[in-house]
Amino acid sequence: MEMLLAFLLVFLSALLAPEGGVQAMEGSAPTNLPINGVQLFLALENRTLPDYSAVKGGQLFNNDRNSDGVNDALWCQSANNMTNIGVWYYPNGTEVLSFSGPLNTSSSDAPNPVFSKRFSGQIALVRRRGIGGPNVQGLYKCIIPDESGTNQTLVVGAYANMVYNNNDGPDASSPMQFSLLSTSRLDTPPVFSLSFNVSDGPPTTVSCSVNGNGISTKLSRVILNGPGSYTRVTVTVRLRKAGNYQCTVSNDRVTDGTISNVTAINGTTSLNVSVSDTPTGLTATRLSTGLAHVRLSWSTVSEATGYEVFYQLSNNDPISMNTTTTTSFDITTILMLGNTYTFYVVSYIDTYAFLPSRNSSTIVSLNNPEVTDLIATNITSTSFNLSWSPPANIFPPNNFNIQFECHRLCELSSSIATQASVSSPYVVNDIAPYSNCAIDLIGLYDEGNYTLANTSVQTLSTVPSKPVSTVTFASVSSISISVSWDEVPCDGQNGFITGYYLTYNSGIVNITGGDNRTYIFRDLLPYTNYTVSIMPYNVVGMGPPSDNATQQTLESTPSSINGLMMNDFSPYSLLIVWNPPTMPNGIITVYEIRYRESISTDPHNITNTTSTQYNIVGLTPNTSYTIEVRAFTSIGPGEWTEATAKTPLISSVQGLMVIPLNASSVYVSWMTPNISPISYYTLYYNESTDNVFSVNLSNTSTHGVITGLTGSSTEHEFRISVTIGDFEGQLSGLVQPVLLPPNVTIVANGTQSVGESYNMTCIVSVLDLLIPSTEIQWSKTLPNDTLPSLSNGETTSIHYIKSLNTSDAGQYTCTATISLTDIEIEAQSIDSHTITLEIPPPTVSISFSRETDLTRNPNGVIIQYNLTVTNLDTASTTVYIINVTDSNEIIESLIIGFSPYQNYTASVSASTIIGAGPVATTAGRTLPDVSSPVLLVTIPVIISGVYITESVPSISDTAVNLTWRPPLYPNGRITGYNITNDNNGRSYWIPIASVESVYSRIVTELNIGVLYNFTIRAFNELGGGESASVSAFSKPDTLLLSPPERVEATLSHDKTTITISWDSKTFDEVGAFFAYKVTATTTSTRKRQSGSPIEMIVPYNTTSVSFTGVNPNLMYQITASYITYSQNGSEMTGPPSNPVTPVNAVSSSTSSMQTVLSTTSVTSSPTLTPTLFEDTKNSPYIIGAAIGGLLVIFIILIIIVLLGTVIHRRRHTTGKMTLSTTNDPIITSNNEAFELTAPAPPRYDELTDVVGRSEHLTDEEMIGVLLETEVSIRQALNAQPAQLNDDTLDEDEEQEIAEEPVYVNIGDHNEFKPIHVSVFHSHVLEMHSNSDQEFDNEFKSIPMTSGAPYTVGSSEANIPKNRFLNIFPYDATRVVLTTKRDSDYINACFVDVSIPL
């Protein structure tokens, strides 16, 4: 009613108002356009109006009512400054007409009550009249584009003044209408709207609250044109909160307060909104129906109509899956394995004004099935164990597979393998050592195969299984080599290579670090092959060595040669030999030799050779030469090695033998000297010292016959010399003719049994040139008996015993005597044979017919037969008496004692009591038999006095000479001889045309230096006889001896015996007849002390010797070598074996040693067997040589003692001492003279002359010479020596000497065994070998111990006076000075050299 009244008042005012009123100024359009957007501008009040503002007519004009120059219309403005924009609409929605004329126009053409006019960026709503009429007042809309061209709507409520003043405020419809705007119940917060209508004025402002608390809303206002012209207000709310929602509407009228007693208030409206409860206990469980199947479960929400389920993948928007009225939900689709899902559940109520609940959420990761405890145990180099449990987050798979990808840590490529259908635990085998394996445990599900777990395993290392490859040498010099190598192949490293061991000739080098694969060997020997092998190793152990790689260092200059020595001396030549350099440092291309006389300063004679020996010729006899040798390689020469040698005098001819042939002629023979070239021989002979004759003999001859001697040939003396060039050698010793005794040998044949025949043949041989008168006499002892003798000239006598009986037992002796018919000289030899067995009476069988016909007149009764049997070959006759005891017509008797093929006669006569009747005679020959062996003529092989074997001479390098005599028992007629070479089976037949005493055959076409075995058999009509064998060497072209092998030496527990052994060798293996030379060399670290070698020569069949009594304080080195004959017949010694030191041997300061050869370990040499031409046991020449050798030993010992005790001076003297052989003063010291009054001792040349004459002296004469020598020496010794001043020794020297043992002589030599005269000659020759070295060794072997006191010499006062401070004279034998100053002491002893007779 109030509104209607107000409307009428307004309408009346409008009708009554003048149309034009007072004409005011138009005013211009405002200039305050917005910067952006659109706005309403009330010009009258100069203010911008909010949207949906309320104005009254009194605020709108068509002119400048307030005179501010701006038209006071209502302006709709835009930031879009375009012309002709915007439209105004009436409340009923029709467009307000536009007018282009002035705003303050009064023209009737202008629309009433309002019109619009457009300006740039704005449009004016102009009131010309009152707006109280119908459809004029209400909500006006202005639609105008903004700066972007988008139309914007602005609303303003325009009312008449009365209506406006009487308005009590806007009215809001109630309750509000609820509408859920959220597209999903899951929206948080949910979006909903509250809508209501506003009338009675525009809703300029709308504010809302819930439960009295203001909330933020989004306002939406829409004009609902119609009769009521009201506004539909919608408030959008984002909130999930239950309660009373209230909205309040206000506008300018409310703001204006009370007008005309009308108070305007806000309009309000409300609505209660509820919220559903949130589901609780939401869980997600994976189903066993599938890996991506999930069941959601939650608690029940009361009053909830239903539940909506959502899922969200990662950051994507949640998606509704479905609604349900139950509290569980199975998801079997949509989901995918391997994703993480968030599940939401909200509850809702399908009634008005209810909001859905807050969501309940859970997160599920649909991870692949997973095993969390896959572990590897028991890891070895090639295997490991895998164990695991089933997946904890899902049901187990249908099966498990294992896939492993392995590769060695040293390579990149891998190998992949799969083991299907396995179970825990599982053993993985056949993995390479030191490999890394990536392991996947795969589960087999219906949906597919999924990796459940993975792990990695590294197998353990093991020793490398392959060597390094490609060993390379570089930077090779003479003393260094660089070696490099490739790494071990990966499949053989089996671990990290931590280093390498390099083995080479002399050691091992450890190279640390597997990447260090280069090494330089330094300080190597030049021109030496170095074999290198490389062994890799890791932390486990050593790998296999590489193949040996060999590299030779480059050449360098050689070291000096070794062992330069003179191997053969002659007056004109020296054969020098040497060993190559110990370090040749390359290929020795040549040896340079230079030599000259030692005292010469002339240029050297220079030559060269590629051999290690050289024969220097054209030298001068008895001259000292200095010889130097050095080796060359391609790089250059080594150092010179020097030696001094003296050519000997031309030696005397040895073996001169003179045999008388008759009163005026002799047979002379001698041995060929080992020198060349021989010009001729000169034979000297004489009857007395006044008449000496000589004759020159051919240089090719070794014997001759001298005739025309005056007087008896046996009264002459003979000497011989050899001449080479212009030099005549020394004369041999005087030799008188001696008739050589015959060789006598008894050869027995038969069985020493009762009744057996037995014969003994005495064979006599003499020099073929002799035609002596020979007498052979048999004798028997027990009982003594003289048997028949042969006449002169016979050489064989057979004593035949037809049937042995006891009376035949005894010793049978054959004595052969030869004599020359024209001179009174004879020689005799014997041999014996003993029959020792008891012999029963022999049985004799002979048959002949007996006369039984009495008519033939036997002239009585026959009582016996006389049987006489004669062996015509042996000239022996035996008589048998056969008694008649029966009436047998045939009488038989067995006659034994014949040899095969012997002639005999037999005669028989019958006897009666009156006497013997006539004799019946028959003759015949025994049957032949095979012959006995031939008698080989051999020579003994003796090396250094040691008997080796029997052999025959080699006459060249391809031929030997075989000589033999016929068999002792040919047992038939010898038709020939057969020689068989056992080496190749070749035979030689020698037919017999005539019987000879000696046969010979030269076997040729032999190989050089080979041991041959020959067999000789004699043949008669029955065939070949017994064989005789002999071995011989063809002369070698050159003989290269190697050392004995496996020489070993052991030392006894008490260190006084050294036992040496070596491998045995045969003649054939060595290539010659040989003996062993074993040498023990002693050394000492002391000054003035050096050991002398011990040498022993033993036969070839000896493999062990012992040196006993050695000094336990010395160190010994043992060597062994072969001794044999060289091509020219001289002895030669091969190279020694490598020195070996006996076990536990130690060095000492002593230098003297006693050596006793063990008789149990060394095979002694047998007595030399005499040949058919020589009886060594009775040879006067050997006896003479033995006596001469004995003299040499005694004289050398005397000289050594003299030199050691008289001539040597003290080491430290201030004075000078001079020794003279005259009666002048011989010692001077500090100007004081001391006189020796004894006669001078014999000179060395005088002693040498004695030695030279000793071969031709009788025993009595030799003893006299020795006695004379002893007297001379004693006279020299009886002279009183002088006392000398002594210097003081320094401390080091005194300490050194104080530690040395005391040297004294022994008084008892009983431990030295005597030398038998039969081997004395060979012993002397052995002692003379090696420059009389053996004499020196024997002297030094004298022990150093004695019980005799030496207190004077060792006293403190006399110590400085000794030449050596460890050699003292005995108190009992020391020389006492008679002329003295302060003491009678001198270091000298009287030496008794008496020779027992």
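At least one side-chain heavy atom of Tyr572 sits under 4.5 Å from a side-chain heavy atom of Pro621. Using a 4.5 Å cut-off on side-chain heavy atoms (C-beta onward), Ile587 and Thr633 make no contact. A heavy-atom distance below 4.5 Å is not found between the side chains of Tyr684 and Phe718. Looking only at side-chain heavy atoms (C-beta outward), Phe632 and Thr557 stay at 4.5 Å or farther from each other. In this structure, the side chains of Phe1074 and Val941 stay at 4.5 Å or more apart for every pair of heavy atoms. Within the 4.5 Å cutoff, side-chain heavy atoms of Leu709 are placed close to those of Tyr685. Looking at heavy atoms from C-beta onward, Ile588 lies in side-chain contact with Pro581 at the 4.5 angstrom threshold. A 4.5 Å side-chain heavy-atom check between Tyr681 and Thr723 finds every atom pair outside the cut-off.
Atom CG of Leu656 and atom CE of Met671 lie 12.0 Å apart (nearest 0.5 Å). Distance check: Leu962 CG to Ser1000 OG gives 9.0 Å after rounding to the nearest 0.5 Å. Atom OG of Ser951 sits about 6.0 Å away from atom CD1 of Ile939, to the nearest 0.5 Å. Considering CD1 of Ile720 and CD of Gln654, their distance stands at 11.0 Å, rounded to 0.5 Å. To the nearest 0.5 Å, atoms CD1 (Ile593) and CZ (Arg630) are separated by 12.0 Å. If you take CD1 on Ile948 and CD1 on Ile1097, they are separated by 9.5 Å, rounding to the nearest 0.5 Å.
Thr623 places a side-chain N or O within 3.5 Å of a backbone atom of Thr620 that can act as its donor or acceptor partner. Ser1137 contributes a side-chain N or O that, together with a main-chain N or O of Ala1120, makes up a donor-acceptor pair within less than 3.5 Å. A distance-only check finds a donor-acceptor pair linking the side chain of Ser679 to the backbone of Gly725 [under 3.5 Å]. Not one N or O on the side chain of Ser721 forms a donor-acceptor pair closer than 3.5 Å with the backbone of Glu728. Counting only distance, with no hydrogens or angles, the side chain of Thr1124 and the backbone of Phe1073 share a donor-acceptor pair below 3.5 Å. Between the side chain of Tyr1012 and the backbone N or O of Asn1007, at least one donor-acceptor pair lies under 3.5 Å. Without hydrogens or angle criteria, Asn699 side chain to Ile678 main chain gives a donor-acceptor distance under 3.5 Å.
Applying the salt bridge (charged side-chain N to carboxylate O under 4.0 Å, His left out) test to residues at least two apart or on different chains, the pairs with a partner in residues 601-628 are Arg594-Glu628.
Val722 approaches Ser651 most closely through the heavy-atom pair CG1-O, 3.9 Å. Between Pro558 and Ala631, the shortest heavy-atom distance links the atoms CG-O, 3.3 Å. Minimum interatomic distance between Ile627 and Leu564 (heavy atoms only, all atoms of both residues): O-CD2, 4.0 Å. Taking both residues in full, the closest heavy atoms of Thr963 and Val998 are given as CG2-CG1, 3.4 Å, listed atom of the first, atom of the second, then distance. The shortest non-hydrogen separation linking Ser701 to Trp670 is O-CZ2, 3.3 Å. Scanning both residues, Val1003 and Leu1006, for their nearest heavy atoms gives O-CD1, 3.9 Å.
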May I have the step-by-step check of side chain to side chain donor-acceptor pair (under 3.5 Å) for Ser598 and Thr626, ending in yes or no? CA-CA 5 Å; Ser598 297; Thr626 299; 3.0 Å; yes
side-chain contact (heavy atoms from CB on, under 4.5 Å), that's the test. Do Asn961 and Val952 meet it? Break it down for me. CA-CA 6 Å; Asn961 183 16; Val952 296; over 6 Å; no
Step by step, would you call Glu592 with Ile606 a side-chain contact (heavy atoms from CB on, under 4.5 Å)? CA-CA 7 Å; Glu592 185 178 17; Ile606 299 177; 3.4 Å; yes
side-chain contact (heavy atoms from CB on, under 4.5 Å) for Lys1077 and Glu1095? Distances and angles first, verdict last. CA-CA 7 Å; Lys1077 178 180 179 181; Glu1095 291 183 351; 3.1 Å; yes
Between Tyr1100 and Tyr1076, does a ring pair (Phe, Tyr, Trp, His ring centres under 6.0 Å) hold up when you go through it step by step? CA-CA 6 Å; Tyr1100 72 98; Tyr1076 292 105; 8.4 Å; no
Start with the C-alpha gap between Leu683 and Ser694, add the side-chain angles, then the distance that decides, and say whether side-chain contact (heavy atoms from CB on, under 4.5 Å) holds. CA-CA 5 Å; Leu683 181 69; Ser694 66; over 6 Å; no
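In this view, Ser665 and Asn662 satisfy the side-chain hydrogen bond (donor to acceptor under 3.5 Å, both in side chains) rule, not counting sequence neighbours.
Between Met566 and the options Thr647, Thr644, Leu575, Ile576, a side-chain contact (heavy atoms from CB on, under 4.5 Å) holds for only Ile576.
The environment of Glu597 atom CD is dense: over 12 non-hydrogen atoms of other residues, nucleotides or ligands sit within 6.0 angstrom.
Side-chain contact, Thr938 with Glu950: a donor N or O sits under 3.5 Å from an acceptor N or O.
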Identify all side-chain donor-acceptor contacts of residues 609-619 below 3.5 Å with residues at least two apart in sequence or on another chain.
residue, atom, partner, partner atom, Å
Thr609, OG1, Ser611, N, 3.1
Ser611, OG, Gln613, N, 3.3
Tyr614, OH, Thr607, OG1, 3.4

